[in-house]
Amino acid sequence: MSDLQARVAPNNRLARRLAAAMGVSWFVGVAWTVLYYVDPTLPFLSDLGNWNLLVGFGLLMLGAAFALALLVTVIVRSGRRR
């Protein structure tokens with residue numbers, strides 16, 4: 001493994017983890033919101049009431065933050081290759 005590959009390899013792992021966290025956050029956020037609209041009488045969802053929308057959209061925004069972190073990671077990684 002060359003010196004460049006050794007420096008870039010940790011960033012590849014970080015990018016994969018950020019992408020996975022982004023996808024999971026978006027999926028759970030959409031699933032939470034849809035589940036609340038489909039059946040708001042579920043035990044845990046009924047306790048939160050309309051705060052479920054805040055939870056769902058908060059998870060979507062968390063996914064957007066992961067996407068931004070992923071973008072910064074990719075840009076920084078591409079700058080190191082030069």
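What's counted below: heavy atoms across the whole structure, side chains too, no hydrogens, waters or symmetry copies. Owing to the predicted nature of the structure, the values given are computational and were not obtained by experimental measurement.
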Partners passing side-chain hydrogen bond (donor to acceptor under 3.5 Å, both in side chains) against D47 (at least two apart in sequence or in another chain)
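Here no residue qualifies.
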Looking at residues at least two apart in the chain, or sitting in another chain, which of them share a side-chain hydrogen bond (donor to acceptor under 3.5 Å, both in side chains) with W26?
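For W26, no residue satisfies side-chain hydrogen bond (donor to acceptor under 3.5 Å, both in side chains) once neighbours in sequence are set aside.
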Any side-chain heavy atom of N12 sitting closer than 4.5 Å to one from R77?
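When only atoms from C-beta onward are counted, R77 and N12 do touch, with a gap below 4.5 Å.
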What distance do [X] atom [atom1] and [Y] atom [atom2] have between them, rounded to the nearest 0.5 Å?
X   : Y   : atom1 : atom2 : value
R13 : T73 : CZ    : OG1   : 13.5 Å
L59 : T33 : CG    : OG1   : 8.0 Å
L18 : S25 : CG    : OG    : 11.5 Å

Identify, with sequence neighbours excluded, every residue that meets side chain to side chain contact (heavy atoms under 4.5 Å, CB included) alongside F27.
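So F27 forms no side chain to side chain contact (heavy atoms under 4.5 Å, CB included) with any residue.
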Test side chain to side chain contact (heavy atoms under 4.5 Å, CB included) applied to L35 - qualifying residues, sequence neighbours left out:
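L42, L45.
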Expected list for residues 60-67: side-chain donor-acceptor pairs under 3.5 angstrom, two or more places apart:
none

Enumerate the residue pairs fulfilling side-chain hydrogen bond (donor to acceptor under 3.5 Å, both in side chains) with a member in residues 51-60, sequence neighbours excluded, ordered by first and then second residue.
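Sorted pair list: W32-N52.
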